[in-house]
2 protein chains.
Amino acid sequence: MTGKTGKRKTRERLLVAACEMFARDGFHNARVADICCLAGANVASVNYYFTNKTTLYIETWKYAFQQFEEPAFSDNAKGTPEATLKKYIHAIMKDFTAKGRMGYFSRLYLMELARPTGLIQDTWRELIEPRRQKLHHIIRKIMGKNADNDKVLLCELSIINQCRTLLTIKHSDLEYLLNKKFNSDLIKSLADHIAEFSLAGIKAIGNFNE
Amino acid sequence: MTGKTGKRKTRERLLVAACEMFARDGFHNARVADICCLAGANVASVNYYFTNKTTLYIETWKYAFQQFEEPAFSDNAKGTPEATLKKYIHAIMKDFTAKGRMGYFSRLYLMELARPTGLIQDTWRELIEPRRQKLHHIIRKIMGKNADNDKVLLCELSIINQCRTLLTIKHSDLEYLLNKKFNSDLIKSLADHIAEFSLAGIKAIGNFNE
DNA sequence: TCAGTATTCAAACAGTTGTTTAAAATAAAG
DNA sequence: CTTTATTTTAAACAACTGTTTGAATACTGA
């Protein structure tokens with residue numbers, strides 16, 4: 001009788017706990033013992049179900065990706081690419097800070113960006129590339145069709161690395177810097193800033209080249 | 001007879017080795033044994049001179065800062081603030097990737113940003129604030145005197161977090177993404193991009209508010 | 001019920017790494 | 001040279017943590 005959803009299988013409880021701990025502490029700082037404790041399982045259960053910590057980490061990624069529903073960015077002809085970019089950035093930021101299942105994948109993703117383990121390189125590109133491609137297309141639309149591919153890439157990096165702030169800077173430090181409480185409103189205003197800042201950046205890079 | 005500079009004292013050899021290792025691997029991943037080995041000293045010497053690893057880390061920061069000569073950004077009335085910003089970003093990027101003594105402080109700084117230990121909070125603001133203030137003033141000049149302080153701060157973060165890419169992304173990954181060799185030319189083109197991208201961003205944020 | 005399988009558990013084990021110790025070597029002082 | 005203080009050294013120690021073990025328990029199907 002572990003939770004509200006009734007008695008889930010130990011294996012899945014371990015995966016859920018692992019998502020939580022790996023996303024919060026990263027691979028190295030997360031302890032197997034703590035994951036088991038959170039899952040209400042014995043220490044040996046990780047070895048029983050996953051052989052070792054490394055395999056657990058890889059399986060956790062796959063599990064988190066299963067739970068993750070790719071948000072619809074409405075990358076259709078309706079809105080302007082500028083509006084789409086803004087939506088995209090807001091969606092990214094919201095995902096990253098989401099609590100619970102929806103946020104697992106995004107949080108693991110950012111944690112892996114911030115503290116790379118190199119353990120999931122195989123699945124990395126398979127899972128990440130689609131996300132990147134989407135952003136790539138949006139930026140290209142704003143810059144113009146014959147935009148230099150390198151320039152598009154650099155703009156991608158500029159945007160992603162601004163968003164990454166949320167993970168690499170401690171919330172308490174961010175609160176100190178901006179003198180504001182860390183909540184969803186702050187996230188929104190950060191997203192607004194990044195969108196506006198980056199939109200101008202992209203356009204400047206684009207115009208510069210024509 | 002350890003190096004070309006003759007026989008330096010063990011304490012200083014330890015500090016130099018610690019700069020190298022902490023900057024490369026971060027506090028947790030760097031091993032005391034390896035630092036001692038690089039310094040050509042015994043394992044116990046860290047305890048002898050610095051009591052423990054944590055104190056060594058703190059002393060390493062102070063030592064690195066001593067070695068560091070703040071670059072002159074020529075923040076005078078001569079150049080336009082736009083040109084000053086570009087110089088500043090180039091200087092930051094060059095420092096971060098500098099080999100040897102000059103780069104120690106910048107590399108430790110970025111490492112601490114990427115993987116905060118919280119061990120040097122006391123000296124942190126004392127050493128970092130001056131750098132931040134300098135960037136702050138440049139941005140304010142570009143945005144206009146009555147610029148909202150929060151907006152200036154967010155622009156600061158946007159710029160710093162773009163620069164941070166160089167440390168948080170592995171060089172091999174960057175080479176893969178951009179399909180270019182990681183060398184000083186690449187650094188310069190990255191700095192150019194960030195400067196141009198950010199300059200437009202700052203102006204957009206500034207104009208938006210007037 | 002019963003046999004066989006799957007799962008859980010406490011305890012021990014093994015590897016790594018920071019720290020301490022006590023003796024040996026070196027340098028300094030008288 | 002002798003004595004004293006300083007520094008270096010190898011080895012042991014201790015703490016943490018991932019992994020394994022083998023017995024105990026729960027479950028499944030006949």
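We name chains A, B, ... by the order of the sequence lines, and we start the count at 1 in each one. We use all heavy atoms of the structure for the numbers below, so side chains are in, but hydrogens, waters and symmetry mates are not.
For the pair A:Asn47 and D:dT19, the criterion of a side-chain N or O lying under 4.0 Å from OP1 or OP2 is not met. Put simply, A:Tyr49 has a side-chain N or O that comes within less than 4.0 Å of OP1 or OP2 on C:dT8.
B:Arg107 and B:Glu20 are joined by a salt bridge, as a carboxylate oxygen and a charged side-chain nitrogen come within less than 4.0 angstrom of each other.
The aromatic rings of A:Phe182 and A:His171 sit parallel, their planes meeting at an angle under 30°, below the 60° perpendicular limit. Using cut-offs of 30° and 60° for the angle between ring planes, the A:Tyr57 and A:Phe22 rings count as perpendicular.
Side-chain proximity of A:Lys53 to C:dG18, D:dT17, D:dT19: nearest is D:dT19. Taking the side chain of A:Arg31 as heavy atoms from C-beta on, and the options C:dG18, C:dT21, D:dG18, the nearest nucleotide is D:dG18. For A:Ala44, taking side-chain heavy atoms from C-beta onward, the closest of the listed nucleotides C:dT19, D:dT20, D:dA10 is D:dT20.
Residue-level contact check: A:Thr10 touches the backbone only, with heavy atoms under 4.0 Å from sugar-phosphate atoms and none from bases. A:Thr51 comes within 4.0 angstrom of the backbone, heavy atoms only, and of no base. No contact: B:Phe50 has no heavy atom under 4.0 Å from any strand.
Rounded to an integer number of Å, the gap from CD1 of A:Ile35 to P of D:dG18 is 8 Å. Distance, B:Arg11 CZ to D:dT8 P: 13 Å, rounded to whole Å. Distance A:Asp34 CG to D:dT17 P: 8 Å, rounded to the nearest Å. Distance, B:Asn29 CG to C:dT17 P: 10 Å, rounded to whole Å. Distance, B:Asn42 CG to C:dA22 P: 16 Å, rounded to whole Å. Atom-to-atom, CG of A:Leu14 to P of C:dT7 comes out at 12 Å; the value is rounded to the nearest Å. Look at NE2 on B:His28: it is 18 Å from P on D:dA15, rounded to the nearest Å.
Here the closest heavy-atom approach between residue B:Lys141 and residue B:Pro81 is recorded as CB-CB, 3.8 Å.
Proximity of a side-chain donor or acceptor of A:His90 to a complementary backbone N or O of A:Ala191 within less than 3.5 Å is not detected.
Heavy-atom distances to DNA chain C give each of A:Ala41 and B:Thr54 a nearest nucleotide, and the one nearer the 5′ end belongs to A:Ala41. Between A:Ala33 and B:Tyr48, the residue anchored closer to the 5' end of DNA chain D is B:Tyr48, taking for each the nucleotide with the nearest heavy atom.
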